[in-house]
There are 2 protein chains.
Amino acid sequence: MSGKTVLIVDDEPAIREMIVVALEMADYECIEAADALEAHALIVDRQPDIVLLDWMLPGTSGIELARRLKKEDTTADIPIIMLTAKVEEDNKIRGLEIGADDYITKPFSPRELVARLKAVLRRATPPGIDNPIEVDGLILDPSSHRVTANDASLNVGPTEYRLLQFFMTHQERVYTRSQLLDQVWGGNVYVEERTVDVHIRRLRKALGERHDYLIQTVRGAGYRFSTQPA
Amino acid sequence: MSGKTVLIVDDEPAIREMIVVALEMADYECIEAADALEAHALIVDRQPDIVLLDWMLPGTSGIELARRLKKEDTTADIPIIMLTAKVEEDNKIRGLEIGADDYITKPFSPRELVARLKAVLRRATPPGIDNPIEVDGLILDPSSHRVTANDASLNVGPTEYRLLQFFMTHQERVYTRSQLLDQVWGGNVYVEERTVDVHIRRLRKALGERHDYLIQTVRGAGYRFSTQPA
DNA sequence: CCTGAGTGTTACAACTGTGTGACAGCTTTT
DNA sequence: AAAAGCTGTCACACAGTTGTAACACTCAGG
């Protein structure tokens, strides 16, 4: 039915096995890795649709791997769900900042896992080399690298384009300035957070009055792309 | 109190009867099925909150039914507790057992059964930070940082949002102003207790007449979030 | 009916977060 | 080499938010 491939990265064989069973029942194809290196190789090789990544790994930590994946163009679009052992607020936030698309705290039920997986896969539009996204007449077409509204091409700068693409593939969710810097600018650049504001402004301006409502400010939190007018 | 519906699937009428008695004493509504086919029909028809599923069934085995339920979207979210006759140490079997949301080995005490049931049901709707919480049409969605009623976004300020989130994850219990300051404002700020009153007022106003009954004053004690109109 | 404590409500000044335009350094195009 | 475009940062303007005080109201007990 779905046939999606899931990479499970955890050093505990028992946990991997449990997840594999749960996911195979839900008709996912599973591949496994015990450490970050093996995981990285498998990701490049097999290009899974999503990665389940344990927080604690021997050697390179899970978060380190996540950061690296998000940095490389070929892997940046693969959704990541972090598995964390304890309920750690800091970890959660750090994980999301780095680019994990969701996180689950152990212990979790297989049902919960599958539900989250589905949600993330639904949300994350596949790397869409040529998968135009359309929202309320606004069209972003990655294949032609163009943004269109009412058959008229909009003049959108490179950064604004990436920003818009990220937003359109991650709608209805708030992102902090920090998260946006990680996701759109790419993890390890040092840029002021307020810079995001400026590019948001430029993006809104480029979208015009017809569509600028899509980029919404969430005071004290960040920004959100939503079709529902705030 | 709970009124949850439990489907009991077992081919032994005596065992079903024992379970029914135990669960009805704990205020669960019970429906029964003797085989997989009957069970499947009842699940689709009655949408129970949880399924108690015997491992060994005539015809289609219990695990077969479980797999099918998890595959179909309309039933995948219903938790399953497996009843197994023997203790199987084999990893694969254990994995399958865990593939359900919990399992119990016969013989078991009624008290244990009820305890497991409660635990699974509690996990089924985790008060997780990032799952939307819904009460009487009022929805708070942390991922989009939004409060909605009747498909319309409510205008809730940052502090009111945090306050509401705390209340919705801690319903049916009174909190003093001091406790609320600790929990919502964060332990070490010096703020007058009466400030809580003002934000309660703002929150009520934001919720509107439709929902402001949820925030209840407990004279001399503090405030409470409850679905029962005081 | 009166009283005092507890709570609701409003107004407001200080504060904080965000919008906006300008600008200098850079890179790419011409 | 010049022009055009892009980027990041800043300063200032502006609007939303916050905590507090003041006053109005409610409730329980005498």
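Everything quoted here is computed from the prediction, not taken from an experiment. In what follows, every chain begins at residue 1, and chains take the letters A, B, ... in the order their sequences are listed. As a basis for the values below, the full set of heavy atoms in this structure was taken, side chains included, without hydrogen atoms, waters or symmetry mates.
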Of all the choices, [options], which nucleotide is nearest to the side chain of [X] once you look at every atom?
X        : options                : answer
A/Val198 : D/dA22, D/dC10, D/dT18 : D/dC10
A/Arg202 : C/dG8, D/dT9, C/dG19   : D/dT9
B/Thr217 : C/dG8, D/dT9, C/dT18   : C/dG8
A/Arg194 : C/dT18, D/dC6, C/dT7   : C/dT18
A/Thr159 : D/dG19, D/dT7, C/dT7   : D/dT7

What's the [atom1]-[atom2] distance between [X] and [N], to the nearest Å?
X        : N      : atom1 : atom2 : value
B/Arg177 : C/dA5  : CZ    : P     : 15 Å
B/Arg219 : C/dG8  : CZ    : C1'   : 11 Å
A/Leu163 : D/dG8  : CG    : P     : 11 Å
B/Ile200 : C/dG6  : CD1   : C1'   : 15 Å
A/His199 : C/dT18 : NE2   : P     : 17 Å
B/Glu192 : C/dT7  : CD    : P     : 15 Å
A/Lys205 : D/dC6  : NZ    : C1'   : 14 Å
A/Trp185 : D/dC6  : CH2   : P     : 15 Å

Residue whose nearest DNA chain C nucleotide is more 5′ - A/Asp197 or B/Gly222: B/Gly222

Which heavy atom in B/Gln171 sits nearest to a heavy atom in B/Met168, and how many Å separate them? NE2-O, 3.0 Å

A/Glu32 side, atom CD; A/Ile19 side, atom CD1 - distance, nearest 0.5 Å: 9.0 Å

Check ion pair B/Arg146-A/Glu172 (N to O, under 4.0 angstrom): yes

Look at A/Tyr223 and C/dG19 and indicate whether a side-chain polar atom (N or O) is within less than 4.0 Å of OP1 or OP2. yes

Indicate whether the side chain of B/Arg202 and that of B/Thr159 have a donor and an acceptor atom separated by less than 3.5 Å. no

B/Arg173, CZ: over 12 other non-hydrogen atoms inside 6.0 angstrom: no

What nucleic acid atoms does A/Glu160 come within less than 4.0 Å of, heavy atoms only: base, sugar-phosphate, or nothing? sugar-phosphate

Remember a base hit wins even if backbone is also touched, and classify A/Val156 as base, sugar-phosphate or nothing at under 4.0 Å, heavy atoms. nothing

